[in-house]
Amino acid sequence: MDDEKAYKIMWDRRNYGIFQFEESGMSSFINKCKPKTIHDIAVCVSTWRPGPMGIHGLVERIIGKISGEIPKTDFMFPKYNYIFENAHNELIFQEGFLRLSMDMCGFTEIEADKLRKAVGKKDAALLASLRDKFISGAVASGEDERKVSSFWEELMLFAQYAFNASHAYSYGHLTYYTAWLKANYPNEFYCSIISCETDSTTQRIYMEDAKAHGIKILPPNLNESDSSFTLDRNNDIIYGLSGIVNIGEPIYKQIMELRPFKSFGDFLLKTHLFGSSITKKAIDALIRSGSMDCFGYKRSVMLRSYEKFKLDFDPKKSFKREIAKDGKMTNEIKERYKEFLSKESEYFDDKTFKEFSLFDILEDEKNFIGVYISGDPMDLVVKTVTERHFTSEEVKSAVMYKGMFSGSVVAYISSVRALNTRTGKKMCFLDCIDREGNRFSATVFDPNYTKLKDILRSGNYLQLVISAKPSYKGNGEIDSIVNVAIDLGERCKEQVREEEHKNKVKEAFIILDDIPSSVRFKSILNKIQEIIPENKYDSDGAVSIVVKVPTNKYDSVNIDRKDSDFEMRFGPFYTKLIDVDVIRMLNKLPDVTIATR
């Protein structure tokens, strides 16, 4: 157990995935200790517990001795250093005080075990009888009575929670093995811990940590993803289909049975004919999560047009019913299938239709797979802040050199813990991540907490105006107090909305290739009526009906014959903003083509 990389990776600020070292307080302790041997690991595992942590100065001594910042010292009774040498001459393991009671105090093995049981059960009468023998035996061995009495009191506090060495070293082996895997096989390591984790919040934290270590996490891929996380051919972690919101076991199993899909159209037609479990809700989730990006179309266009593609292929669902009855495709269906795949690009290869904004894409990824894949919203959020702002490391440096700090930090809120003070006032602790990915904590007291609680939520991006100073605990950390908080996510969304409004679709056209019946024309008008706002001043778009009249129909409309077809237009009808949802709704009209500009 001498792999230097395995030990160094334990020194990270957060030891995600490393057995026993994940908790934030433990991670900070390990980062300061910098263990270099299995003995160091066992000591660390045993020290960061209520008993040893209650012994005045022990934690600080362990940090100094393991890190090498303070020189090696003797045990309280130097003659017995040999018992405690693997524990840096500190009282750490149960076996230490049991062996000491025998070698220094003359206890038999049975009496030493009685001492262990008495301490564990807090048997006052038995402890009182053993105390006298412990002290007298040590004095008989040449030790100072006052010093031994003081040690006994320390022993009582320590032994209530002390680990035995066999337990500590067993834990230590698991700690080393997980650290070794993380250091030497990071992709496989992260893929495993993400797959095994059932809590979505912890799973997201693992994914963020993997990305911070330079490991790529790819969005789900309809043709390559397994049910859970796996490594692809480039050793990148690829998201599993089961991790997508609205994709349950029957859905992803059916997708995997019907694979491979040659194109997005092939997926739509196969699942329409054979995919009884694959619903509209599931297809929306697959598109928004990035699972369909492998087909090369814009997410906005796929979402806009896929229902239209399916409707035009099988308007009365007669093909679907026929296959449900016979279990196979007839020649007619095969021909229709082939014909429609050749038309796929007409539906989905639209260079003029605007893709969703990056912010919306990232929000979709967060909502559907719990992690950002296509970028980091922090990059977008930071651009909305015009005032000077700092990283948490810059805040620490300012506090170190000036004794205080006052200014702004752009932060992602990873968790919020609200509570009441002893006087009944509200407050909360924030766990945050700054623009460089560094983690830091901040506290919000009343009356600021009451004013800001609506935006102090996990997942929000905030500009925090803080005051910071050295921690009252005197542990080298800093205390940051939030005075003002601004919701940057909402500000960023507003800017996106303004940008989209500038580049909005101004008009949509419902194109018919023939003169409709009065009933059909009325149904189209009813559909348009659904998107006309009650207040005409709220209109942001327009819809027109375009009827293409073929040459052979000129006579029926009493128009002079021309050399080519002509168009009749009805409208425009002024509607609400024409977005993807509006176009999807219009696409449900049978036997029409929807165009935009």
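This one's a predicted model, so the numbers in the text were calculated from it and none came from an experiment.
- Here the closest non-hydrogen pair linking S441 and S480 is O-CB, 3.7 Å.
- The one candidate from T384, L462, L380, N460 that meets the side chain to side chain contact (heavy atoms under 4.5 Å, CB included) condition with L488 is T384.
- Atom CD of E387 has more than 12 neighbouring heavy atoms from other residues, nucleotides or ligands inside a 6.0 Å radius.
- By the 30° and 60° cut-offs, the orientation of the rings of H213 relative to Y190 is tilted.
- Of the possible donor and acceptor atoms, one in the side chain of N187 sits under 3.5 Å from a partner among the backbone N and O of N235.
- In this structure a side-chain-to-backbone donor-acceptor pair under 3.5 Å is missing from S289 to E365.
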>> Run the salt bridge (Lys or Arg N to Asp or Glu O under 4.0 Å) test on E95 and R99 for me, step by step, so that the C-alpha distance in whole Å, both residues' side-chain angles and the decisive distance to 0.1 Å come before the verdict.
In response: CA-CA 6 Å; E95 287 86 345; R99 179 75 182 276; over 6 Å; no
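- For Y16, there are no ring pair (Phe, Tyr, Trp, His ring centres under 6.0 Å) partners, not counting sequence neighbours.
- Between the side chains of D103 and Y82, at least one donor N or O sits under 3.5 Å from an acceptor N or O.
- A ring-centre distance under 6.0 Å is found for H167 and Y171.
- Between the side chains of S136 and D132, no donor-acceptor pair of N or O atoms lies under 3.5 Å.
- Side-chain contact annotation: S467 with N483, donor-acceptor N/O pair under 3.5 Å present.
- Between F390 and F405, the ring planes are perpendicular. Angles over 60° get that label, and only those under 30° would be called parallel.
- In this structure, the side chains of Y169 and F93 come closer than 4.5 Å at one or more pairs of heavy atoms.
- S129 contributes a side-chain N or O that, together with a main-chain N or O of L126, makes up a donor-acceptor pair within less than 3.5 Å.
- Using modelled atom types, one side-chain atom of S141 and one backbone atom of M104 make a donor-acceptor pair closer than 3.5 Å.
- Nearest heavy atom pair, residue V43 against residue A87, reads CG2-CA, 3.7 Å.
- For the pair K133 and F107, the cation sits on the ring face: its NZ or CZ lies under 6.0 Å from the ring centre, inside 45° of the axis.
- The two residues N438 and S392 make their nearest non-hydrogen contact at CB-OG, 3.4 Å.
- Judged purely by distance below 3.5 Å, without hydrogens or angles, the side chains of S408 and Q463 pair a donor atom with an acceptor atom.
- Between K117 and D113 there is a salt bridge, since a side-chain N of the basic residue sits under 4.0 Å from a carboxylate O of the acidic one.
- A ring-centre distance under 6.0 Å is not found for F29 and F21.
- Residues K65 and T73 bring a donor and an acceptor atom of their side chains to less than 3.5 Å of each other.
- Of all heavy-atom pairs spanning E394 and T391, the tightest one is OE1-N, 2.8 Å.
- Of the possible donor and acceptor atoms, none in the side chain of S150 sits under 3.5 Å from a partner among the backbone N and O of K147.
- Under a 3.5 Å cut-off, the side chain of E197 and the backbone N or O of T202 do not form any donor-acceptor pair.
- The closest side-chain heavy-atom distance from F445 to K425 is not below 4.5 Å.
- Side chain of W11 to backbone of C33: no donor-acceptor contact under 3.5 angstrom is found.
- The backbone N or O of S242 sits nowhere less than 3.5 Å from a side-chain atom of S227 that would complete a donor-acceptor pair.
- Note on ring orientation: taking the six-membered ring where Trp is involved, the planes of F151 and F77 are perpendicular (angle over 60°, cut-offs 30° and 60°).
- Of the N and O atoms on the side chains of D74 and N89, not one donor lies less than 3.5 Å from an acceptor on the other residue.
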>> Test salt bridge (Lys or Arg N to Asp or Glu O under 4.0 Å) on E69 and K32; report intermediate values, then the result.
In response: CA-CA 10 Å; E69 292 177 1; K32 293 172 183 174; over 6 Å; no
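- Within 6.0 Å of CD1 on I110 lie no more than 12 heavy atoms contributed by other residues, nucleotides or ligands.
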>> Could you walk me through whether D487 and R491 satisfy the salt bridge (Lys or Arg N to Asp or Glu O under 4.0 Å) test, starting with their C-alpha distance in whole Å, then the side-chain angles of each, then the deciding distance to 0.1 Å, before giving a yes or no?
In response: CA-CA 7 Å; D487 190 344; R491 181 190 286 183; over 6 Å; no
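- Of the possible polar contacts, one joining the Y176 side chain to the D3 backbone as a donor-acceptor pair under 3.5 Å is found.
- Counting only distance, with no hydrogens or angles, the side chain of S291 and the backbone of L222 share no donor-acceptor pair below 3.5 Å.
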